[in-house]
Visitor: 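So that we are looking at the same thing, I have put the structure below in structure tokens.
The chain is numbered in sequence order, starting from 1.
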Amino acid sequence: MAESPVTFLVDKLAAFFENDVKLLRGVREEVVCLKGDLEQMKAFLRIADALQESDEELSVWVRQVRDIAHETEDLLDEYTLLQAHDHGHGLYGSLCRFACCIKNVKACYRIAAELKNINLRLRKINEVHKRLRHKFNKLEQGSGSAGALITWQDRRDDALLLDKSDLVGIDERKKQLVEWLIKGGSGREVVSLTGQGGMGKTTLAKQVYDDDEVKKNFKVRAWITVSQSFEIEDVLKDMVEQLFKAIRRRVPPSVQNMSNNRLKMTIKELLQRRRYLIVLDDVWQLHAWRSVQYALPNNSFGSRVMLTTRNTDVASTAGIESDGKTYVLEPLPLAESWELFCRKTFQGNTCPAHLEEICKYVLRKCEGLPLAIVAISGVLATKDTRRIDEWDMVARSLGAEIDGNDKLKDMKKVLSLSFNDLPYYLKSCFLYLSMFPEDHLIERMRLIRLWVAEGFIEAKEGKVLEEVADDYLNDLLNRNLMQVATTTSDGRVKTLRIHDLLREIIISKSRDQNFATIVKEQSVHSSDRARRLSVNYTLQYLQPNRSVSQLRSLFMFEVVEKVVLHKLFPSGFRLLAVLDLQNSHLKKFPVEVVSLFYLKYLSLRDTKVKTVPRFIGKLQNLETLDLKHSQVTDLPVEILKLHRLRHLLLYRNEFIYNELFNSKSGFKIMGNIGVLQSLQKLCFIEANHGSCNTVKEVGNLTQLRRLGILKLRREDGKVLCSSIQKLTNLRALSIASVEEGEIIDLEHLSTPPVLLQRLYMRGRLEMLPHWIPSLQSLVKLSLKWSRLNDDPLIYLQHIPNLAHLILCQVFTGDNLRFRAGGFRKLKILGLDDFEELRCIQLEPGAMEFLENLSIRQCQFLEKVPYGIENLTKLKLLEFFDMPAELFNTLRPDVKDSDYWRVAHIPEVYSTYWREGEWKVYNLESLGEGENCPLPSTLIRPHDLHTRWK
């Protein structure tokens, strides 16, 4: 993976000239020469990155180019650093500058000499480059162009030869796909089968293709393997030959000399009046489908095309265009995984009791991936069942086994293919996932900010870098290289994860390419040249006094020991761009940060740091400062010097056991915050009550995507509205009054942000702001303490995209009525602390898609909502601290019970705060005891809040 660092370096070299960096004469000539040579190599590197695993000489060349790119980047950054120091004013500052000037001149000449040496090395490498280019040009012209893929293709063909007895968990999946093929409309439809590499897509598709019912319904069939490096001419010729054989006609000799257009016309003529089934196996890119799409006629005979692909985007696009269907192949369930594992490991016998724990651990690592289960079973099947130490060794060192065991070569190849297929700009992003520990849920926004800080994201017109990074992330998801772990209530991706075995492979690649070193165990082999260092959980395996002068990123994941950077790394890391100490044992702001000129990302989230020193103002390149859930409450005025700051996060969630809503504490800032023109996220800032200055200054932050502002008073309203009107990029807005009874005046907002998706308001309202119902993009709304006299549902029910609504102390009336046709997209509804509420009415046709309803602390509500039986999509109904009479009306053994109203809801709970803990009662157990249904389930308040939210 040399293309990424070389491209990054070429861009940096260009910036040197564009920004008019002062270069010594010797340095300038070497930089110009270096830039020219690297630009010539860039195109070939794209080919070399994909083929280096199959050619040792090519692999060595790629590694040499990558090392040169890294060394050059280090020298250029060091050169820039020499010119960036500010030594202050006065006599002392002048003396420092003079002394430093002499020292810097010497250093600059040293850098020039090293750049000259690099250019000499690059010229030698360039000679090898010319020879390799000639070699691979000859390969492309004929003799063995597919050599790199022969082994994999052979293994793919093996999947077509499997007997049904070799398969597990295939029946239901096959049945569904056969039904989709046979039934349906008379037009041509595309059935797509998608999933991660190694999931068994080809195997399942072949079982469907050979099914007797399918054969009977489709007399004309063809199985076409497309693959990564397909040639359209070969694909079309293969299809023509198979179709002629299917209709029992001799293949015309002229086929070999036909143009692509003529081949397509021949296919179309053969299929125009026939009911056909074409399987396109292993389609990687959308253009592969586009290449054959119009050769397959959309006749009226019920013809079908079946695609197998790793790319969800290919599957969904092909399906949408043809009114087809997409089947997402999920991992095997645990029972079927265990069956397959035992069948392959113990030849169908049961697992010995003394090996069961080890085998289940290995199976968990496979995560239901059939290819992984079969491959690792093949390794374990050769082990002596009496030697538990041998089995334990495999379980503990799966990463090493994948690298060195021939029996796992094919699995590694299959899983690596998806990585090799990535464009260069995604390879670095994907390798970056190796930095996160095993089973770690990766926060989406954290990952996006890190990618931006690392410089992985290419600028695109009309989008900020974070939006481009989000596109990158979605691309990795579509390629099934990442998995969504959790989502927010409004459908946004919240956390992600990566398959354990895929993670082992990218750790190996990351180590081989000096991309990163992961310190997690004693046997780790770390490189002094690694650009990134990730320390997992403990410092005990970190090599003392190791040189990290070239380090760009340092992570400490939940390190239990006290973190003192200057003791761990006495030589320092002047080129560091990312320092992430989230959730580490840290009480003081690390003073070592002051010298980190290139630092772009600093996270002290979930630490015990209390104060931020004034020298924070020296970090001129800082883009993200994450102090969320730390103990910092004030920021120094020097923070206003950080004009490149994009994300300023500083707040804590304070959960109160009898309140479902989080109370957030923010931070105070003095001075002119409007100068931070690059800010996209500002959470949470406290209003300055001495004047309206802070609220007014917010209006200058026109790049803001998310704003949180606390402790507002009524008199801030007009200025706040004026500021919000200027924030046209705003997606999320959180507003809170200084205390529960304080009115928030928001009636002065004539033009609200049209892109606003999430709105949180905590404070008294004289009336519902007139502009809220006009928010077309709004998906989540949370109102607390509003105490409105008029029913707000009348105004809220027609917000077109509202999916999540939380109302707490919002209405003083005794009756809430949800009208027919209202809240058409609402999925989650929470009602909390309606003091006078006695009745909830749900008209037929209201909230048709509601899935989750929670009702809290409404002490006079003694009946379930009338009409709740009409909510056919409702999956969860929860009551919190509600009158006991309400839950008792649901008892199935009581006369005139309302049980029938909620009988269709899968989960119904009632939760009470008793004796310092939450106790949850399930409706299913009512009637089995007297007053207490079953032994209660204890849950923590945080869990309760998270589940409901």
Side-chain angles (χ1 to χ4, degrees), residues 5 8-9 12 67 69-85 103-104 107 110-111 114 428 431-432 434-435 449-456 510-511 513-520 524 526-536 538-539 541-557 559 561-582 584-586 588-604 607 609 613 615-616 618-626 644:
F8 186 73
L9 177 58
K12 180 170 280 194
D67 290 346
H70 286 159
E71 289 174 37
T72 307
E73 184 190 352
D74 290 346
L75 287 171
L76 294 178
D77 284 346
E78 188 180 347
Y79 189 92
T80 302
L81 195 60
L82 292 173
Q83 302 182 37
H85 286 298
K103 182 179 178 181
N104 285 358
R110 173 183 59 79
I111 290 171
E114 292 186 27
S428 295
L431 281 186
Y432 208 73
S434 65
M435 305 288 287
R449 292 181 196 123
L450 286 166
W451 283 348
V452 171
E454 290 279 358
F456 295 159
S510 183
R511 182 174 59 245
Q513 297 174 12
N514 291 325
F515 183 87
T517 292
I518 317 299
V519 179
K520 61 175 182 176
V524 69
S526 60
S527 168
D528 285 337
R529 294 183 298 165
R531 318 289 284 175
R532 296 160 190 89
L533 178 64
S534 176
V535 183
N536 296 179
T538 178
L539 299 173
Y541 302 128
L542 188 65
Q543 295 174 359
N545 300 317
R546 62 173 290 154
S547 173
V548 289
S549 59
Q550 80 300 327
L551 208 63
R552 292 310 201 275
S553 302
L554 173 61
F555 287 81
M556 296 274 182
F557 281 101
V559 170
E561 298 95 337
K562 186 177 180 181
V563 176
V564 183
L565 293 178
H566 69 269
K567 290 184 178 179
L568 294 172
F569 309 103
S571 62
F573 27 59
R574 296 195 304 161
L575 305 181
L576 203 70
V578 170
L579 180 59
D580 193 325
L581 303 178
Q582 180 171 327
S584 292
H585 186 56
L586 194 69
K588 291 184 178 180
F589 194 96
V591 295
E592 297 84 357
V593 167
V594 68
S595 63
L596 303 183
F597 172 78
Y598 288 107
L599 194 67
K600 292 184 177 181
Y601 181 101
L602 175 60
S603 176
L604 304 178
T607 64
V609 171
F615 67 65
I616 190 77
K618 292 181 178 290
L619 305 181
Q620 294 295 298
N621 289 299
L622 197 64
E623 295 176 352
T624 293
L625 178 58
D626 189 349
R644 296 186 181 181

Visitor: For the residue pair Leu576 and Val548, establish whether any side-chain heavy-atom pair is separated by less than 4.5 Å.
Guide: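 Leu576 vs Val548: side chains apart.
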
Visitor: Heavy atoms, side chains only, cut-off 4.5 Å: are Lys600 and Val452 in contact?
Guide: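 No, side chains not in contact.
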
Visitor: State whether the side chain of Glu592 and the backbone N or O of His566 hold a donor-acceptor pair below 3.5 Å, judged by distance alone.
Guide: yes

Visitor: Consider side-chain contact (heavy atoms from CB on, under 4.5 Å). Of Val535, Leu579, Asn536, Val578, which one does Phe555 pass it with?
Guide: Val578

Visitor: If you round to the nearest 0.5 Å, how far is NZ of Lys562 from NZ of Lys567?
Guide: 7.0 Å

Visitor: Are the side chains of Phe569 and Leu554 in touch, meaning some heavy atoms are under 4.5 Å apart?
Guide: yes

Visitor: At what distance, to the nearest 0.5 angstrom, does CD1 of Ile518 lie from OH of Tyr541?
Guide: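 Between Ile518 CD1 and Tyr541 OH, I get 16.0 Å after rounding to 0.5 Å.
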
Visitor: For Phe515, does its backbone N or O pair with a side-chain atom of Arg532 as donor and acceptor, under 3.5 Å?
Guide: yes

Visitor: Are any of the side-chain heavy atoms of Glu78 and Arg574 separated by less than 4.5 Å?
Guide: yes

Visitor: Rounded to the nearest 0.5 Å, how far apart are CE of Met435 and OG1 of Thr517?
Guide: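 Between atom CE of Met435 and atom OG1 of Thr517 there are 9.0 Å.
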
Visitor: Do you know the tightest heavy-atom contact between Ala453 and Ala577?
Guide: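 Looking at all heavy atoms of both residues, the closest pair is O-CB, 4.5 Å.
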
Visitor: Do Asp74 and Arg531 have side chains that get closer than 4.5 Å, going by heavy atoms?
Guide: yes

Visitor: More than 12 heavy atoms of other residues, nucleotides or ligands under 6.0 Å from CZ of Arg644: is that the case?
Guide: no

Visitor: Kindly compute the distance separating OG (Ser603) from CG (Leu581), expressed to the nearest 0.5 Å.
Guide: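 Rounded to the nearest 0.5 Å, the OG-CG separation comes out at 7.5 Å.
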
Visitor: State, with a plain yes or no, whether a side-chain heavy atom of Pro590 is found less than 4.5 Å away from one of Val563.
Guide: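 Pro590 does not reach Val563 side chain to side chain.
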
Visitor: Side chains of Asp77 and Arg552: does their closest heavy-atom pair fall under 4.5 Å?
Guide: yes

Visitor: Kindly give the heavy-atom pair with the smallest separation between Leu599 and Leu602, and that separation in Å.
Guide: CD2-CB, 4.1 Å

Visitor: If I compare all heavy atoms of Glu561 with all of Thr538, which pair ends up nearest, and what's the gap?
Guide: OE2-OG1, 2.7 Å

Visitor: Decide yes or no on side chain to side chain contact (heavy atoms under 4.5 Å, CB included) for Met556 and Leu568, but give the supporting numbers first.
Guide: CA-CA 12 Å; Met556 296 274 182; Leu568 294 172; 3.8 Å; yes

Visitor: Within this structure, what is the CG-NZ distance for the pair Leu596 and Lys618, rounded to the nearest 0.5 Å?
Guide: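 Spacing of CG (Leu596) from NZ (Lys618) equals 12.5 Å.
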
Visitor: Looking at Phe456, is its backbone amide N or carbonyl O close enough to the side chain of Ser428 to form a donor-acceptor pair, meaning the two atoms are under 3.5 Å apart?
Guide: no

Visitor: Ignoring hydrogens and geometry, is there a side-chain-to-backbone donor-acceptor pair from Asn621 to Phe597 under 3.5 Å?
Guide: yes

Visitor: Looking at every heavy atom in both Thr624 and Arg449, which two are closest together, and how far apart are they?
Guide: OG1-CD, 3.8 Å

Visitor: What are the two closest non-hydrogen atoms of Leu619 and Val594, and how far apart are they?
Guide: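 In this case the closest contact between Leu619 and Val594 is CD2-O, 4.4 Å.
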
Visitor: Say you draw a straight line from CD1 of Ile111 to CG of Leu82; how long is it, rounded to the nearest 0.5 Å?
Guide: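 Result: 5.0 Å between the selected atoms.
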
Visitor: Below 4.5 Å, heavy atoms only, C-beta onward: do Asp626 and Asp580 meet side chain to side chain?
Guide: no

